[in-house]
Amino acid sequence: MMPYEEALSIVLSHCPTLPTEKVYLLDALGRVLAEDVISEEDRPSFDNSAMDGYAVHWEDIKDAPVELSVVGEIPAGAEETFELPRGCAVKIFTGAPIPKGATAVVPVEYTETKNGKVLIKETFKKGANIRRKGEELKAGEIVLQKGTILRHYEIGLLASLNKVQVEVSRRPRVAVLSTGDEIKDLGEPITKPSQIRTSNGYTLMAGISLAGGEPHYLGIVPDEPDKLKKALSQLEDYDVFITTGGVSAGDRDYIKTLVEEVGVKVHFHKVRIKPAKPILFGTYKEGKGLFFGIPGNPVSCAVAFDLIVKPALLKMQSAKDYMPRTLWAKLKRDFFRRDPERREFVRAFLSLEGQDLVCDYSPKLQSHMLTSYVGANCYMVVREGVKELKGGELIEVVLF
Ligand code: AMP
Ligand code: MG
C-alpha cells in the first residue's frame, strides 16, 4: 500500500494552476493573492506620536523633573508646520504629527499640569514615543507576496494600502457528491433505524469554502450504478470532483469502476493511513480536473480532506503554504494500538502546560465518531510500525 507522503506528492504533482482574477477586497478573504503588493509610500508617512502626552526637545527634559511652558496642542490630523521653541512643550495626541524640533514625547501619565505649565516628572530617551517616517515600510517595498493566503489581517493591511481590488487566484470549482442507499439529507425523513443523516457533504463544503474553493453540492445518490454514473458524468463542469462513500472493497462499492468508465485516470486507490485508507485519486479533462473518491466514514472524510484534498486546493490556487503544518509536542498519556501497519491520525488537543506544549488525544478513536473533533485542534501522528507511544514522549502533531 502507498505511504502518505507518496500519495500526497502524486496529488500535488497533478495540481493544475488556476487562472487569476480581480476581486473586491472583502471577496478576497480566504483566497490566495496573485500579485506582489507594493507600498507606494513610506509608512508611517510622517513622524508621529505613539502616545498622548507632551512633545518636547529632549535636551529640555534630560535632567527631569523640569517645568516647561505649554504652547498649545496638536491633535491627530493636524498640519505639520508647527515649530516647537526650546524650553517649551506642546500637548500632543496619538498619531498627531511631531512638531519640528521635538525629539521626544513624554506620556501624559508622567506629567502634571498647573497654570499653563507642565511638570515633566521623569526623563525619557531621545526619540522616545515617536513613530518614525518609514519605520514600518519603505516606499517601493513588497508588503505582501504573491501566494499569500489572505486572512483578516492581510485584508486590513491591503485596505490600509488603499487596495480596493486585488488580484487573486480563481476559486477552484469543487463538486461534492455523497453516495449511499442509507444516507439521508438534511430535512429528509428517517424512516428506518438503519438510515444515516449525512454529514460528509457538509463537512466538505465548509472545508472547501475555508480553503478558498467554491463548493457545488450535487446531493446524495444511492448505490445504484446507473444513477451514480449519471451524477459522475457532470465531471467536466468542475475543477475538482469529490465523492464520499462507496469506494471501499464492498460489493456495492461502485465508485472505482464507474469513474474509470467516465474517463477518470486513476493514480492511486488506497493509502497506508488510518482512517481514510480506501481513498482514490484520479485526474480527468487531460489532467485539468482532479477526482477524489473519499470513504464514507465521517472522520475518514474529514481526515482525507485535511491531509490530501485541502493541500491540493491550496496548491491549485498557487498558495505558498499549502502543506499541513506540523510540530512536536509532549504526549500526555500512553497510547497503544494493536495494528501498527498504517500511519494513524488521531484527533487530539494541544495545550500549554507550564513550559511544555502537551498533546492529549480524543478517547473516541474510531472513524465513525465525528464528535472526536469537538474541541480538538490537531492530529496526533502515529507512524507506521509504532504500536505504542509513552506519556512524556515527544510526538508529531499536525495542526488543523
Ligand atoms: P462507505 O464508505 O460507503 O462504506 O461508508 C462507510 C460508513 O460511512 C457507513 O457507515 C456509512 O453509513 C457512512 N457514511 C457514508 N456516507 C456518509 C455521509 N454522507 N454522511 C455520514 N456518514 C456517511
Ligand atoms: Mg456505502
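Just so you know, ligand 1 is whichever comes first in the structure, and atom 1 is the first atom listed for that ligand.
- Both the backbone and the side chain of Ser199 come within contact range of ligand 1, each with a heavy atom under 4.0 Å.
- Short contacts between ligand 1 and Glu182, defined as distances under 4.0 Å to a heavy atom of the residue, involve ligand atoms 9 (C), 11 (C), 12 (O).
- For ligand 1, the atoms lying closer than 4.0 Å to a non-hydrogen atom of Gly246 are 1 (P), 2 (O), 3 (O).
- Protein heavy atom in closest approach to atom 18 (C) of ligand 1: Asn200 ND2, 3.1 Å.
- Heavy-atom contacts of Thr198 reach the following atoms of ligand 1: 18 (C), 19 (N), 20 (N) (cutoff under 4.0 Å).
- Proximity of Gly180 to ligand 1 is not established, as no heavy-atom distance is less than 4.0 Å.
- Atom OG of Ser372 is separated from atom NZ of Lys364 by 7.5 Å, given to the nearest 0.5 angstrom.
- Residue Gly296 has at least one N or O atom closer than 3.5 Å to an N or O atom of ligand 1.
- With Arg31 as the fixed residue, the salt bridge (charged side-chain N to carboxylate O under 4.0 Å, His left out) test singles out one of Glu154, Glu214, Glu21, Glu167: Glu21.
- Of all protein heavy atoms, the one lying nearest to atom 7 (C) of ligand 1 is Asn297 OD1, 3.4 Å.
- In this structure, NE2 in His267 is found 14.5 Å from NE2 in His269, a value given to the nearest 0.5 Å.
- Relative ring orientation between Phe241 and Phe291 is described as parallel, the plane-to-plane angle staying below 30° on a 0-90° scale split at 30° and 60°.
- A salt bridge between Arg173 and Asp237 is absent, with no side-chain N of the basic residue lying under 4.0 Å from a carboxylate O of the acidic one.
- Here the side chain of Ser209 pairs a donor or acceptor atom with the backbone of Met205 at under 3.5 angstrom.
- With a 4.0 Å cut-off on non-hydrogen atoms, Ile196 touches ligand 1 through its side chain and not its backbone.
- Put simply, the side chain of Tyr4 gets close to the backbone of Leu307: a donor and an acceptor are under 3.5 Å apart.
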